[in-house]
Amino acid sequence: MRIIVVGAGLSGLMAARECASHGHEVIVFDKGRGVGGRLATRRIKDATLDHGAQFFTVRDQQFQKLVDGWITDGIVREWCRGFVAEDGHPRYVVNNGMTALTKHIAQDLDVRTSTLVFAVKPCDADPKKWTVVIDDNSRIDCDAVVMTCPLPQSYSLTVTTGVELPQDLLLTDYDRTIGLLAVLDGPSAVPAPGGIQNPDDVFSWIGDNQAKGISSI
């Protein structure tokens, strides 16, 4: 089959790689300039800072096998097993920043960034297929579409499909967040191993990317 995946974050790229491993033709579209989604890394001069997901954990044996492979490939490493105190659960980070993991997964996939999907609708020529409309009005027919972008975006793209989304999905709410990236002129006050999770009622995370090992300053 030809399968189109909307969204080149971790979910979209993993879905695309799984489909491709079964012999399907897969195209991934993302409106951003690069892959990653919430696995986002930015650079401010000589500093490297993660400003999306700061680490990830593993609660599934199948996922653990993937992570073990990424560790062997030198992409991922264990950072710590807790912040205030150890709790036995490894926190994994990506060498060179979290975006590097999605770049690794995207290798050999047909990923088209800076490409905004405008609509998804039933194919005129074959009602069993779908037509994905790009914002330049180009159209690609496919056998299946996998939506991995946030639910409000997915809903806006699927209103022309005639597919009814489950009500609990439509009622899903997202918390607004503000992230501040800063390069300090001296050492931070963040204790080892370099992260404070939920320190008060305002902040959910304060991290030191140098202590985490992804930034030189």
Side-chain angles (χ1 to χ4, degrees), residues 6-14 28-59 76-85 87 89-106 111 113-118 135 147-157 165 168-217:
V6 182
L10 182 61
S11 296
L13 293 172
M14 290 300 296
V28 183
F29 290 125
D30 196 287
K31 66 180 181 179
R33 291 181 297 174
V35 300
R38 290 183 178 85
L39 294 188
T41 305
R42 294 291 182 269
R43 285 171 175 79
I44 302 177
K45 295 184 178 180
D46 295 329
T48 303
L49 305 100
D50 286 327
H51 73 101
Q54 298 293 311
F55 60 89
F56 64 88
T57 58
V58 176
R59 307 296 173 90
V76 166
R77 60 181 168 81
E78 183 180 321
W79 176 20
C80 63
R81 298 201 172 193
F83 298 104
V84 176
D87 57 15
H89 296 292
R91 274 72 166 176
Y92 296 98
V93 294
V94 183
N95 297 321
N96 303 315
M98 299 295 277
T99 303
L101 176 59
T102 49
K103 291 179 179 178
H104 175 72
I105 298 170
V111 181
T113 55
S114 300
T115 305
L116 176 64
V117 173
F118 183 75
D135 60 347
M147 308 291 297
T148 67
C149 50
L151 283 170
Q153 296 176 34
S154 296
Y155 176 71
S156 67
L157 293 175
L165 296 181
D168 55 346
L169 288 182
L170 297 177
L171 295 176
T172 298
D173 194 19
Y174 288 82
D175 292 331
R176 296 179 181 272
T177 60
I178 297 176
L180 170 66
L181 307 180
V183 179
L184 307 182
D185 58 3
S188 78
V190 178
I196 307 175
Q197 199 165 16
N198 299 315
D200 53 33
D201 294 334
V202 176
F203 295 98
S204 60
W205 172 261
I206 302 175
D208 183 333
N209 287 272
Q210 183 181 42
K212 191 164 69 169
I214 71 162
S215 184
S216 60
I217 61 173

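Numbers for residues simply follow the sequence, beginning at 1.
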Quick check: are there more than 12 heavy atoms from other residues, nucleotides or ligands sitting under 6.0 Å from [atom1] of [X]?
X: Phe118; atom1: CZ; answer: no
X: Arg38; atom1: CZ; answer: no
X: Lys103; atom1: NZ; answer: no

Contact summary for [X] and [Y], nearest pair of heavy atoms:
X: Gln210; Y: Ser216; answer: NE2-O, 3.2 Å
X: Thr148; Y: Gly7; answer: OG1-O, 3.3 Å
X: Asn209; Y: Thr48; answer: CB-O, 3.4 Å
X: Ala8; Y: Asp30; answer: N-OD2, 2.7 Å
X: Asn96; Y: Ile214; answer: N-CG2, 4.4 Å
X: Val76; Y: Asn95; answer: N-ND2, 4.3 Å

For this session: Kindly indicate, with the supporting measurements, whether the criterion side-chain contact (heavy atoms from CB on, under 4.5 Å) is fulfilled by Leu49 and His51.
Result: CA-CA 6 Å; Leu49 305 100; His51 73 101; 5.8 Å; no

Ignoring hydrogens and angles, tell me if any N or O in the side chain of [X] forms a donor-acceptor pair with the backbone of [Y] under 3.5 Å.
X: Trp79; Y: Pro193; result: yes
X: Ser154; Y: Cys149; result: yes
X: Lys212; Y: Asp50; result: no
X: Thr99; Y: Leu39; result: yes

Seminar exercise, completed: To the nearest 0.5 Å, atom CG of Leu151 lies from atom CG of Asp168 at 9.5 Å

Exercise. Between atom NZ of Lys31 and atom OG1 of Thr115, what is the distance when rounded to the nearest 0.5 Å?
Worked result: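 Going from the NZ atom of Lys31 to the OG1 atom of Thr115 covers 12.5 Å.
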
Exercise. After noting the C-alpha distance and the side-chain angles of Asn198 and Ser204, does the key distance pass the side chain to side chain donor-acceptor pair (under 3.5 Å) rule?
Worked result: CA-CA 4 Å; Asn198 299 315; Ser204 60; 5.1 Å; no

For this session: Could you tell me how the ring of Phe55 sits relative to the ring of Trp205: parallel (under 30°), tilted (30 to 60°) or perpendicular (over 60°)?
Result: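 Aromatic pair Phe55/Trp205 classed tilted.
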
